[in-house]
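Below you'll find the structure, written out as structure tokens, and then a few comments.
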There are 2 protein chains.
Amino acid sequence: MEGYDKHAFEPFAVTVDLAVFTVRAGVLQALLIERGQEPYAGRWALPGGFVLPAESAETAARRELAEETGLSDVSGLYLEQLRTYSEPDRDPRMRVVSVAYTALLPDAPEPRGGGDAASARWLPYDGVGPLAFDHDRILADAHDRVGAKFEYTCLATGFCPPEFTLGELQQVYETVWGTTLDRPNFRRKVLATSGFVEPVPGAARLTGGRGKPAALYRAGAATALHPPLLRPAPAPSQPSPSPSPSSAPSSSSEGRFS
Amino acid sequence: MEGYDKHAFEPFAVTVDLAVFTVRAGVLQALLIERGQEPYAGRWALPGGFVLPAESAETAARRELAEETGLSDVSGLYLEQLRTYSEPDRDPRMRVVSVAYTALLPDAPEPRGGGDAASARWLPYDGVGPLAFDHDRILADAHDRVGAKFEYTCLATGFCPPEFTLGELQQVYETVWGTTLDRPNFRRKVLATSGFVEPVPGAARLTGGRGKPAALYRAGAATALHPPLLRPAPAPSQPSPSPSPSSAPSSSSEGRFS
DNA sequence: TCCCTTAATGGTCAGTACGACTATAAATAG
DNA sequence: CTATTTATAGTCGTACTGACCATTAAGGGA
């Protein structure tokens, strides 16, 4: 950082890319837009855009999130920086450094193209074809991060509406992790973690369909899980093919510690 | 990402900043350089520099790491992207977006100013005065991340020389976490985690000073800790002042989930 | 040399957490 | 009314952890 005035430097374009997830009907979905021009015309891509001169990357991300989802108030949504992608050739047109963000939406209103993006749509995360640019990797990295955070934070409630049942919360976990969980054990763990969820006092109950009605809960004040809620270790002998959008297992060229 | 050619955008300067840690004699130290010019002349700052037109941010970070430490080979060192700092006013001279990286050094050779930085030095992490720019926050964020990763990865061996004793490894944990750990329990946990460390076969023993000589170990092949090695929960009733360089408790403006 | 100190190593024991599982309750579909 | 479905409650054995105590193997000093 010494000597700005002495050294030449190349200015880069700086953008934000958004990996926006929601869970609908037990399916993990991502918000994607269809590209209309080259390069990658017709391919799906992550929503995003340039960082304006007077705003931070996070401000830009929140602005883009509001534009792409069409929601008037995104201030309560979970939005966190994922990481920055800066490979010199990641955009064939010019040098673009992109700060990627992960966002979670509880309910999933079909996005209306409020912003400049013509056709933003929710697509199921599994089976999303190859995306434009390096967006496959960004989306996979975001999914990995969300899955990891589910273990030691209360992040999962970010996928739930204001009031939810423990069954819904469990389904969020199962959807993101791609596993099944034992219902009584999951219940015991969640209720034993103080501050994770709190019961809705008015003995309210939700009648969704068949079966005994479930008690409703709200997200609690806690953000961390102590001890963590570890996902079941995958069978070590079975080299199961990775579920994900086609992309490779997201092996960063950086350190070996996820 | 639609319509590059239709929209105006402002180019930014893109830099990397390095939070480089080492543990020497039970003290966590950070690699810092002293600024010679305004702004923040005379203040300590993180090493860093511009990303060159043809390189990725990680390549730039590794190049800067080699320059600032004076080490000829930094390929084996732990280096991982931390996050990107992009507040519009973080540098008073111009708009600079900085991608921060965290690096760990096992041994700590006194850095020689091989690169352009005149006086790079190791300074103890605790009590480092206010740094230049937003580097206090970057360094605190890096420390938080390293501490968190110690819980569920084998990252701690990155602070150790190729062969080390379990006492040294424990001291690394205690130094980074700022806590004390029970020695037999730590030993039991580390040895029970397959792949964390492996004994040096030649019955080698290190005679450091008094006491029974300790067996030597090498870092194993594992990168993750299952189950994690959780740090002792801080006493919840005692609002102890945060240990760190002066900076505030690193409250990101983003999501509430660390 | 003998004893004390230091540090590594080995072990016990109880409380907690967790996985697997069974049982009961309360609703709907037929 | 009965079967099905889902929520909820509880049990039991194992694994893990924190708090200890004991032993071993070195060095230092009187």
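Note on naming: letters A, B, ... go to the chains in the order of the sequence lines (proteins, then strands), and numbering restarts at 1 for each one.
One atom, NZ of B:K212, and another, C1' of C:dT5, lie 16 Å apart when rounded to the nearest Å. Rounded to whole angstrom, the span from the CZ atom of B:R210 across to the C1' atom of C:dT9 amounts to 19 Å. For B:E168 and C:dA8, the CD to P distance is 9 Å, given to the nearest whole Å. Distance CG (B:L169) to P (C:dA8): 12 Å, rounded to an integer number of Å. Atom CD in B:Q170 sits roughly 11 Å away from atom C1' in C:dA8 (whole-Å rounding). When rounded to the nearest whole Å, the span between CG of B:L216 and P of C:dA8 equals 12 Å. One atom, CG of A:L191, and another, C1' of C:dC18, lie 15 Å apart when rounded to the nearest Å.
Between A:D141 and A:R137, at least one side-chain nitrogen of the basic residue sits less than 4.0 Å from a carboxylate oxygen of the acidic one, meeting the salt-bridge criterion.
Listed pair B:R187 / C:dG10 meets the phosphate criterion, a side-chain N or O lying under 4.0 Å from OP1 or OP2.
No side-chain donor from either of B:Y85 and B:D17 sits under 3.5 Å from a side-chain acceptor of the other. Side-chain polar atoms of A:E80 and A:Y78 form a donor-acceptor pair below 3.5 angstrom.
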- [ ] Assign a letter to each nucleotide of nucleotides 10-20 of chain D from its 5' end: B, base within under 4.0 Å of a protein heavy atom; S, sugar-phosphate only; -, no contact.
- [x] BB-----BBBB
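Between B:Y125 and B:H143, the ring planes lie tilted relative to each other; the angle falls in the 30° to 60° range. Relative ring orientation between A:F196 and A:Y173 is described as perpendicular, the plane-to-plane angle rising above 60° on a 0-90° scale split at 30° and 60°.
Using a 4.5 Å heavy-atom threshold, the side chains of A:Q81 and A:E58 count as separate.
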